[in-house]
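Here it is, the structure in full.
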Amino acid sequence: MNQTNSLNAANGFYKLSWLQRIGFGSGDLAQNLIFQTVACYLMLYLTTVLKISPAFVSGLILTVRLIDCFWSPVVGRYIDNRNPRLGKYRTYLLYGGIPLTIAACFLMLPQVATWSMPMKMAYATISYTLLSMIYSVVNIPYGSIMASMTRDNDEVLILTSTRMVCANIGQIVVQAGFPIGLAMFLHSAINWDQAIFMAIGTIPAFIILPSLPILKRLLGKKGLYYTLLSIGFVGFTILFSVGKFGDVKESTLLIQTAKIMTGVGLLVGSLMWALVPEVITESEHRTGNRPAATVNALAGVAFKAGFSIAGWITPLVMGLIGFNLASEESALPTDPSAWFAVTCIFAVVGFVLLTLCFLGSKENITTTPEKPVSFGQMWEEFKANKCLQLVLGIFVVVFLASFISAPVNAYYTELSKYSETAQNAILWFTCIIPAMLLIVVAYLIHKYPLTDERLDEMNREIEARHK
């Protein structure tokens, strides 16, 4: 057995310890403490605390994401072409983690609330742009670590499951913890219905992700995705039906059940990260290079594209419909000191976890090209790699579905407070649009060609070439 394990390790099929898996996963937990704060609450902070117009916030989010579309490939190219002493990818968890923590703390500086509106807009633009750029310096190499730890598909699935469990811990801590933290800081009553609704969709991750190897064997890779998407679609349908024809306040159990079901469907977004190492393997098999950071940078662009489209559309369209987030009654407290305190706590804890990830991750498979990867080669790789194109398309759509409803979820449990026009706007963004997008995701997954058998064959051929 030991000889078999040694042979597999020599061929790149490394078996990892749980300490390594959890150490790697702690990095996603760290990043989600910051990312989920931005995804779920930054728009609300800018519109309800700073009172910046939704139209400006919409444009800001879109602009920053467009900048990131150019910035992320720069970061990916830089990382792929270098091999630092502390690790090709691990190094940036420390070098990027410190400025990331500082930038996150300065994102919601309480003094800004007293400034003039032009100064608020300028500060929001600079602080958010810097945070986004620094986040890429940490997120892109972090995503590349998984592809450097092992070629074993079963291990990659376990790593993905561990990573996504940790990510969802971060998600539930932020989504429920932020409104709870605001209330505790202000010594006010906690709206438990709201906090639970914001976070309960994360619960399926803790049940399904640890069971992924078993579920995958039972349902197959695509069958697993289709099952999850179908459950999510039904959940969104129930939420819409209750919100439109029933009483949200009197249907708490049904609403919470439906929210859990939507979390099952949106969990497919987490599983998409398991396809990134597959695309990297396909590229290595075809070209001889293993552009892990480059592919992760492109995946990050697609992921952020979905997030940015959601952040752009939500405040803009809701304002056009007649629900102005800056002038309507806020669903959360608006004390700027409370927002700053909660954000700083998440940021500092995140840095501690990034340090644990640095210590716990081990890079076993890394390559540095003999010649630097050019942007032209990156574009050529995108054009040539059909699997990459499909995966990027799935990333855009599934994360658009996830984030288009995130900031508006805080308003769903208080639906009866608002006018009929506002209620319809909330229902469109929390139910109808995400449900339609899940159908698109199912179609794209149907087109994805790589099977586990083909991937194992590719990996063996790659290792044979190296010998």
Side-chain angles (χ1 to χ4, degrees), residues 7-16 24 72-73 75-84 87-90 92 139-160 163 221 271-303 361-395 448-467:
L7 180 61
N8 286 337
N11 290 332
F13 291 79
Y14 292 91
K15 296 297 181 182
L16 307 173
F24 170 71
S72 289
V75 174
R77 178 177 179 267
Y78 179 89
I79 293 169
D80 264 338
N81 292 329
R82 284 161 179 79
N83 195 13
K88 186 175 181 67
Y89 308 117
R90 296 164 63 240
Y92 303 93
N139 181 253
I140 290 170
Y142 171 76
S144 305
I145 291 174
M146 184 164 67
S148 75
M149 293 177 75
T150 183
R151 296 186 185 278
D152 191 301
N153 284 325
D154 291 333
E155 279 295 333
V156 169
L157 186 61
I158 295 172
L159 273 178
T160 301
R163 171 188 182 179
K221 182 160 62 178
L271 303 187
M272 286 303 102
W273 293 106
L275 300 185
V276 173
E278 297 183 4
V279 172
I280 293 170
T281 294
E282 195 278 338
S283 178
E284 184 181 17
H285 181 265
R286 182 167 35 82
T287 67
N289 290 326
R290 190 171 177 83
T294 299
V295 171
N296 272 280
L298 294 173
V301 169
F303 162 69
S361 300
K362 183 179 181 182
E363 298 173 5
N364 296 310
I365 308 165
T366 58
T367 59
T368 301
E370 295 180 5
K371 296 181 180 180
V373 178
S374 68
F375 289 111
Q377 289 172 314
M378 292 173 66
W379 173 242
E380 290 300 321
E381 174 61 23
F382 173 75
K383 290 195 298 182
N385 195 330
K386 302 300 180 183
C387 297
L388 175 60
Q389 294 171 21
L390 276 171
V391 169
L392 296 185
I394 295 170
F395 266 107
Y448 184 72
L450 291 180
T451 63
D452 288 344
E453 292 75 18
R454 176 56 182 153
L455 285 164
D456 284 340
E457 182 182 345
M458 286 181 177
N459 277 316
R460 282 191 282 272
E461 291 174 4
I462 290 168
E463 290 298 332
R465 289 179 201 165
H466 290 170
K467 292 178 182 178

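Treat the numbers as computed from the prediction; the structure is a model and nothing was measured.
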Using the side-chain hydrogen bond (donor to acceptor under 3.5 Å, both in side chains) criterion, which residues pair with E282? Sequence neighbours excluded.
R286, N385
Residues L455 and K221: closest non-hydrogen pair is CD1-NZ, 4.4 Å
Set of ring pair (Phe, Tyr, Trp, His ring centres under 6.0 Å) partners for F395, sequence neighbours left out:
W273, F399
side-chain hydrogen bond (donor to acceptor under 3.5 Å, both in side chains) partners for Y448, two or more places apart:
E278
Counterpart residues, salt bridge (Lys or Arg N to Asp or Glu O under 4.0 Å), relative to R460 (two or more places apart):
none
Passing option when L275 is tested against L450, V391, I280 for side-chain contact (heavy atoms from CB on, under 4.5 Å):
V391
Taking the side chain as every heavy atom from C-beta outward, state whether P449 and L390 have any pair of such atoms under 4.5 Å apart.
yes
Taking every non-hydrogen atom, the tightest pair across A302 and L392:
CB-O, 3.4 Å
Could you tell me if the side chain of S361 sits less than 4.5 Å from the side chain of Y142, heavy atoms only?
no
Quick check for you: to the nearest 0.5 Å, what is the distance between I394 atom CD1 and Q389 atom CD?
12.0 Å
Just verifying a value: how many Å separate E461 CD and E457 CD, rounded to the nearest 0.5 Å?
5.0 Å
By salt bridge (Lys or Arg N to Asp or Glu O under 4.0 Å), which residues pair with R90, not counting sequence neighbours?
none
Can you check whether P277's main-chain N or O pairs, donor with acceptor, with T281's side chain at less than 3.5 Å?
yes
